[in-house]
Participant: 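If you scroll down you'll find the structure; I have some questions about it.
Atom set for the values below is all heavy atoms of this structure, side chains included, hydrogens, waters and symmetry mates excluded.
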Amino acid sequence: MTYRWMPLAAALAITACGQTTDTPPAEDTDVAALAVEAKTTMDTNGETTTSLTAVLDAQSDEHKARYAARNPAETLAFFGIEPGMTVVEALPGGGWYSKILAPYLGRDGKLIGTDYSMDMWPLFGMWSDEQIEQRRSWTATFIEGAQEWRGDDGALIDAFVFGNMDERFNGTADAVLMIRALHNLNRFESDGGFRTTALDNAFTALKPGGVLGVVQHRAPADNDDDWADGSNGYLKQQALIDAITAAGFEFVEASEINANDADQPTNEEFVWRLPPSLATSGDDDALRAEMLAVGESDRMTLKFIKPAS
């Protein structure tokens, strides 16, 4: 049996988390000096910028609880993300990565969120007409909400919707990040070319030589192709590489930084059985314990570039 639903509402309903502030003891000047040193670095122009370590340290405890599975420092380093860049983030949802990127990119950087096409939302079959209509204001909602995440010295914020990208974004991005964003685009590709459109938008938005960074739930190579179409959350690594290179990108390399060998789904399972969703556990404590022991999904981490010419 292949599952054709997903608890997307829960993923999009994650509430914003306030940042924590560490205040060193007033009498301990050495500790205070070390704290300042850890929170700032100097860029090539002598400007003070917030370090990634400081940004990660400033997140909420709930946010930090996902670091072991999501490996944000290693993932952003693999994709070459640095302050001052313009970064497009596909499907930011509740802002888990946005809350890191908005302050980290700094005042010389820009964070651009992008959402599914309006034509794609009805295909899920789980949204009311009213909920779908509310998506029309997503760009304004994202821009407004991300202002809190950027702080006083964070990135400029902008947004667009796949399939409706304004020309002002063309050739401006240093990187496009598609972190767990491709399974539904692939799932509904035959219904409206949504994966094709999203990759085309990404290609157009990138500067020559710009990076497309992908993190995606990885299907076992031996599982059925129909099962691995994205409807269960998983995609096959080689099939995804082939689709992205067919869109004009050059494949650079793969990393195992987000791998989890314990996640071995059968053709009867979907990714949302695992934490944090635990969609199949219900009141079954034994099953919940089993899924928690597996951990979050096995994920491929892939780096592509837009050819320089």
Participant: Using the six-membered ring wherever Trp is involved, compare the ring planes of Phe251 and Phe304 and label them parallel, tilted or perpendicular (cut-offs 30° and 60°).
Facilitator: tilted
Participant: Can you confirm whether Glu130 is buried at CD, in the sense that more than 12 heavy atoms of other residues, nucleotides or ligands lie under 6.0 Å from that atom?
Facilitator: no
Participant: Would you indicate whether Glu144, at its atom CD, is surrounded by more than 12 heavy atoms from other residues, nucleotides or ligands within a distance under 6.0 Å?
Facilitator: no
Participant: Would you please say whether a donor-acceptor pair under 3.5 Å links the side chains of Thr301 and Asn258?
Facilitator: yes
Participant: Can you list, pair by pair, the side-chain donor-acceptor contacts under 3.5 Å of residues 191-199, counting residues two or more places apart and other chains?
Facilitator:
residue	atom	partner	partner atom	Å
Arg195	NH1	Asn186	OD1	2.8
Thr196	OG1	Glu189	OE2	2.5
Thr197	OG1	Gly193	O	3.0

Participant: Starting from the C-alpha separation in whole Å, work towards a yes-or-no answer on side-chain contact (heavy atoms from CB on, under 4.5 Å) for Asn170 and Met165.
Facilitator: CA-CA 8 Å; Asn170 292 2; Met165 186 177 77; 3.4 Å; yes
Participant: For Phe249, give me all partners under ring-ring contact (aromatic ring centres under 6.0 Å, His included), at least two apart in sequence or on another chain.
Facilitator: Phe203
Participant: Taking Asp283 first and then Arg288, would you say they form a salt bridge - that is, a charged N and a carboxylate O separated by under 4.0 Å?
Facilitator: no
Participant: So for atom CD, which belongs to Glu253, do other residues, nucleotides or ligands contribute more than 12 heavy atoms lying within a distance under 6.0 Å?
Facilitator: yes
Participant: I'd like to know if the side chain of Glu89 pairs up with that of Ser98 as donor and acceptor (distance under 3.5 Å, no hydrogens or angles considered).
Facilitator: yes
Participant: Sequence neighbours left out, what passes ring-ring contact (aromatic ring centres under 6.0 Å, His included) with Tyr234? Give chain and number order.
Facilitator: Trp227
Participant: Determine whether the side chains of Asn164 and Ser117 contain a donor N or O and an acceptor N or O closer than 3.5 Å.
Facilitator: no
Participant: Please verify the inter-ring angle class for Phe124 with Trp127; under 30° counts as parallel, over 60° as perpendicular, anything in between as tilted.
Facilitator: perpendicular
